[in-house]
**Student:** 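I have a structure here, written as structure tokens, and I will follow up with some questions on it.
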Amino acid sequence: MYQHIKVPAQGQKITVNADMSLNVPDQPIVPFIEGDGTGLDITPVMLKVVDAAVAKAYGGQRQIQWMEVYAGEKATRVYGPDVWLPDETLSALKDYVVSIKGPLTTPVGGGIRSLNVALRQELDLYVCLRPVQYFKGVPSPLKEPEKTNMVIFRENSEDIYAGIEYEAQSAKAQKLIKFLQDEMGVTKIRFPETSGIGVKPVSIEGTERLVRKAIQYAIDNNKPNVTIVHKGNIMKYTEGGFRDWAYALAQKEFGAQPIDGGPWCKFKNPKTGRDITIKDSIADAFLQQILLRPAEYSVIATLNLNGDYISDALAAQVGGIGIAPGANLSDSVACFEATHGTAPKYAGKDYVNPGSEILSAEMMLRHMGWKEAADLIIASMEKAILSKKVTYDFARLMDGATQVSCSGFGQVMIEQM
Ligand SMILES: NC(=O)C1=CN([C@@H]2O[C@H](COP(=O)(O)OP(=O)(O)OC[C@H]3O[C@@H](n4cnc5c(N)ncnc54)[C@H](OP(=O)(O)O)[C@@H]3O)[C@@H](O)[C@H]2O)C=CC1
Ligand SMILES: O=C(O)CCC(=O)C(=O)O
Ligand SMILES: [Mg+2]
């Protein structure tokens, strides 16, 4: 049925029920994309650590049947020079419901558009979920890194990130600029002859579905607040719209009531009776608040580009993007991936921290309901860090650390299970 994807002989598909819960067989087939650059190093380590955790947790009763699917540079080698994201990869990620991927390269300026973004758009993976938590012993630039404990809900399908833009001096850019000037009365394009032009779509539906997930997460996980992060003072009808629609949704669907006349509002968590405050913060101020007063923020709901910046900034507060996991989610399909990219200067050197992709797999196991294996991964990560046998990124900041390779760190984790 596939041209190049080999479906494992054993194993079954994960399926989705009408209420969006999953049926996970004991031998689920899980597609993975190796990834470009350091994906070559970290993905095999992630697979090994997950297999060890599953074997240990379930004594052989359960096992993931991994199915490699292709994207990025490897896809061009398997399918042909111009095939970066084969249709059958997209079909497999959709059909098999739960998957994991390594990072994929996007060139700056020209060249192909982001495959990561294409994949999120094609599968409508509209939530980018990035939890930021501190592991004891991890070197951090903060005095009290344990106070940073946030979960980012980044809108994943809209915004300037959607890639609607036209190159400076191209016919399309000129046409759009002319339209803006002649038909929309725009006079503020400073250098119309040489401007590239980007379009920033932000919709009510796109905002509402993202914010709904963030608030529901706060309810389910007993979190005290959800902060809407935006630059709505400047971009009034996109980022400002996001803020207004988010507040409106909190009131309309969750019964939030304005505090002191608003716009902040709050409601009682129906599961715990505890107040959940919905507040907002302008993105530049937010970036200093998370450093100075991180304990005041728990769930973050934000637009695509802000979420991208905030993810890496917050990851740095708890030790860097070497241990920053993530998930791309639709209502039914989930594709897990690290926050970091392909770190090309380290590619193929068995050098970088595999922690982000391993923790992304941990999120995947929890999503599948395989809690025991997920718990084993967290516990062994904690023990590995406390043993101070760590990759270069931690070793360079830790006193008395022994630097290990990427695969070496995976081995330390497995020994600690
Ligand atoms: N989802 C995805 O697939 C993503 C893809 N990308 C793509 O990746 C490519 C490279 O992007 P770039 O801006 O260099 O960002 P990267 O995230 O790839 O790397 C930036 C820096 O982060 C640190 N880092 C990255 N990965 C690790 C790791 N596993 N362990 C420890 N430290 C790590 C390194 O810091 P140091 O130098 O201090 O050692 C590295 O130089 C681009 O093409 C970009 O588009 C980017 C982000 C996400
Ligand atoms: O798609 C890319 O190359 C970059 C994506 C990215 O930085 C992210 O999703 O955090
Ligand atoms: Mg990023």
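Atoms considered below: every heavy atom in the structure, side chains included; atoms not considered: hydrogens, waters and symmetry mates. Since the model is a prediction, treat every value here as computed from it, not as a measurement.
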**Student:** Between S360 (side chain) and S356 (backbone), is there a donor-acceptor pair under 3.5 Å?
**Tutor:** yes

**Student:** Should the pair K383-E415 be classified as a salt bridge under the 4.0 Å nitrogen-to-oxygen rule?
**Tutor:** no

**Student:** Evaluate the criterion side-chain contact (heavy atoms from CB on, under 4.5 Å) for residue pair I42 and F409; output intermediate values, then yes/no.
**Tutor:** CA-CA 10 Å; I42 60 177; F409 185 75; over 6 Å; no

**Student:** Check whether any side-chain heavy atom of F336 lies under 4.5 Å from a side-chain heavy atom of V98, and answer yes or no.
**Tutor:** yes

**Student:** Would you say S330 and D124 are linked by a side-chain donor-acceptor pair, where the criterion is simply a distance under 3.5 Å?
**Tutor:** no

**Student:** With ring centroids as reference points, do Y79 and H4 lie under 6.0 angstrom apart?
**Tutor:** yes

**Student:** Are side-chain heavy atoms of Y96 and I14 found at a separation under 4.5 Å?
**Tutor:** no

**Student:** Report the distance from atom OG of S99 to atom NZ of K94, rounding to the nearest 0.5 Å.
**Tutor:** 13.0 Å

**Student:** Within the supplied structure, the quantity of interest is the number of heavy atoms (other residues, nucleotides, ligands) at a distance under 6.0 Å from F179 CZ; does it exceed 12?
**Tutor:** yes

**Student:** Do N116 and K101 have side-chain atoms, one donor and one acceptor, less than 3.5 Å apart?
**Tutor:** yes

**Student:** To the nearest 0.5 Å, what is the distance between CE (M235) and OH (Y237)?
**Tutor:** 14.0 Å

**Student:** Ring-plane angle category for F286 and Y297, please: parallel below 30°, perpendicular beyond 60°, tilted otherwise.
**Tutor:** perpendicular

**Student:** Hey, are S21 and N17 close enough side-chain-wise for a donor-acceptor pair under 3.5 Å?
**Tutor:** yes

**Student:** Determine whether I29 and P8 make a side-chain contact, defined as any pair of heavy atoms from C-beta on separated by less than 4.5 Å.
**Tutor:** yes

**Student:** Identify every side-chain donor-acceptor pair in residues 277-285 under 3.5 Å, counting partners at least two apart or on other chains, and give the distances.
**Tutor:**
from, atom 1, to, atom 2, distance (Å)
K279, NZ, E296, O, 2.7
D280, OD1, Y247, OH, 2.5
D280, OD2, H230, NE2, 2.7
D284, OD2, K231, NZ, 2.9

**Student:** Quick one, I219 with F254, criterion side-chain contact (heavy atoms from CB on, under 4.5 Å). Give me CA distance, side-chain angles, the key distance, then yes/no.
**Tutor:** CA-CA 10 Å; I219 293 172; F254 295 91; 3.6 Å; yes

**Student:** Is a side-chain N or O of D36 found less than 3.5 angstrom from the main chain of E73, in a donor-acceptor match?
**Tutor:** yes

**Student:** Would you call K200 and E239 a salt bridge, taking side-chain N to carboxylate O under 4.0 Å as the test?
**Tutor:** yes

**Student:** Over all heavy atoms of both residues, which pair between V211 and A301 is shortest? Give the atoms and the distance, please.
**Tutor:** CG2-CB, 4.4 Å

**Student:** Is there a donor in the side chain of N149 and an acceptor in the side chain of Y134, or the other way round, less than 3.5 Å apart?
**Tutor:** no

**Student:** Below 4.5 Å, heavy atoms only, C-beta onward: do H367 and L22 meet side chain to side chain?
**Tutor:** yes

**Student:** If you measure only the distance, is there a donor-acceptor pair under 3.5 Å linking the side chains of T391 and R396?
**Tutor:** no

**Student:** Would you say the side-chain atoms of Y161 and R154 include a donor-acceptor pair closer than 3.5 Å?
**Tutor:** yes

**Student:** Could you walk me through whether D82 and T76 pass side-chain contact (heavy atoms from CB on, under 4.5 Å), step by step?
**Tutor:** CA-CA 6 Å; D82 296 322; T76 65; over 6 Å; no

**Student:** With sequence neighbours excluded, tell me which residues meet salt bridge (charged side-chain N to carboxylate O under 4.0 Å, His left out) with K371.
**Tutor:** D375

**Student:** Are side-chain heavy atoms of M368 and P28 found at a separation under 4.5 Å?
**Tutor:** yes

**Student:** Would a 4.5 Å heavy-atom cut-off, applied to side chains only, mark P145 and T148 as touching?
**Tutor:** no

**Student:** Inspect the surroundings of CE in M20 and state if more than 12 heavy atoms from other residues, nucleotides or ligands are less than 6.0 Å away.
**Tutor:** yes

**Student:** For the backbone of D399 and the side chain of K388, can you confirm whether one donor and one acceptor N or O come within less than 3.5 Å of each other?
**Tutor:** yes

**Student:** Give me the ring orientation class for Y392 and Y351: parallel if the planes are under 30° apart, tilted from 30 to 60°, perpendicular past 60°.
**Tutor:** parallel

**Student:** Can any side-chain N or O of D26 pair as donor or acceptor with the backbone N or O of R62 at less than 3.5 Å?
**Tutor:** no

**Student:** Show your working on side-chain contact (heavy atoms from CB on, under 4.5 Å) between Q65 and V30 and close with a plain yes or no.
**Tutor:** CA-CA 6 Å; Q65 298 291 332; V30 175; over 6 Å; no

**Student:** Does the side chain of N225 come under 3.5 Å of the side chain of S298 through a donor N or O and an acceptor N or O?
**Tutor:** yes

**Student:** Between P263 and R243, is there a side-chain heavy-atom distance shorter than 4.5 Å?
**Tutor:** yes

**Student:** What distance separates D95 CG from T15 OG1, expressed to the nearest 0.5 Å?
**Tutor:** 12.0 Å

**Student:** Could you give the distance from CG (D393) to CG (N353), rounded to the nearest 0.5 Å?
**Tutor:** 4.5 Å

**Student:** Looking at CG of D244 and CG of L249, how far apart are the two atoms once the value is rounded to the nearest 0.5 Å?
**Tutor:** 12.5 Å

**Student:** Treating K147 as the side-chain partner and K143 as the backbone partner, does any N or O pair qualify as donor plus acceptor under 3.5 Å?
**Tutor:** no

**Student:** Can you pull the side-chain hydrogen bond (donor to acceptor under 3.5 Å, both in side chains) pairs that have at least one residue in residues 210-221, sequence neighbours excluded?
**Tutor:** R212-E253, K213-D331, Q216-D220, D220-K271

**Student:** Is it true that, when you exclude Q288 itself, more than 12 heavy atoms of the residues, nucleotides or ligands shown sit nearer than 6.0 Å to its CD?
**Tutor:** yes

**Student:** Give the C-alpha distance, both sets of side-chain angles, the deciding distance and a yes or no for salt bridge (Lys or Arg N to Asp or Glu O under 4.0 Å) between E208 and K252.
**Tutor:** CA-CA 11 Å; E208 286 188 339; K252 169 173 80 182; 2.8 Å; yes

**Student:** Which heavy atom of I414 sits nearest a heavy atom of A52, and at what distance?
**Tutor:** CG1-CB, 3.8 Å

**Student:** Inspect the surroundings of CG in D260 and state if more than 12 heavy atoms from other residues, nucleotides or ligands are less than 6.0 Å away.
**Tutor:** no

**Student:** Is any NZ, NE, NH1 or NH2 atom of the basic residue among E165 and K172 found under 4.0 Å from an Asp or Glu carboxylate oxygen of the other?
**Tutor:** no

**Student:** Distance-only, no hydrogens or angles: does the T302 side chain make a donor-acceptor pair with backbone N or O of V229 under 3.5 Å?
**Tutor:** yes

**Student:** Less than 4.5 Å apart, any side-chain heavy atom of I377 and any of L365?
**Tutor:** yes

**Student:** What verdict does the side-chain hydrogen bond (donor to acceptor under 3.5 Å, both in side chains) test give for S311 and R130, after you've listed the backbone C-alpha separation in whole Å, the side-chain angles of each residue and the deciding distance to 0.1 Å?
**Tutor:** CA-CA 7 Å; S311 306; R130 289 180 168 172; 3.1 Å; yes

**Student:** Under the 3.5 angstrom rule, does the side chain of N269 hit a backbone N or O of R274 as a donor-acceptor pair?
**Tutor:** no

**Student:** Does E167 have more than 12 heavy atoms from other residues, nucleotides or ligands lying within 6.0 Å of its CD?
**Tutor:** no

**Student:** For the OG1 atom of T402 and the NZ atom of K389, what is their distance to the nearest 0.5 Å?
**Tutor:** 7.0 Å

**Student:** Would you mind checking if E362 and R366 are paired as a salt bridge, meaning a charged N to carboxylate O distance below 4.0 Å?
**Tutor:** yes

**Student:** Decide whether Y126 and E155 meet the rule of one side-chain donor and one side-chain acceptor closer than 3.5 Å.
**Tutor:** no

**Student:** Within the side chain of K236, is there an N or O that forms a donor-acceptor pair under 3.5 Å with the backbone of N233?
**Tutor:** yes

**Student:** If we count only N and O atoms by modelled type, under 3.5 Å, do the side chains of N328 and E337 hold a donor and an acceptor together?
**Tutor:** yes

**Student:** Determine whether the side chains of E34 and T43 contain a donor N or O and an acceptor N or O closer than 3.5 Å.
**Tutor:** no

**Student:** side-chain hydrogen bond (donor to acceptor under 3.5 Å, both in side chains), that's the test. Do T342 and T38 meet it? Break it down for me.
**Tutor:** CA-CA 5 Å; T342 54; T38 50; 5.9 Å; no

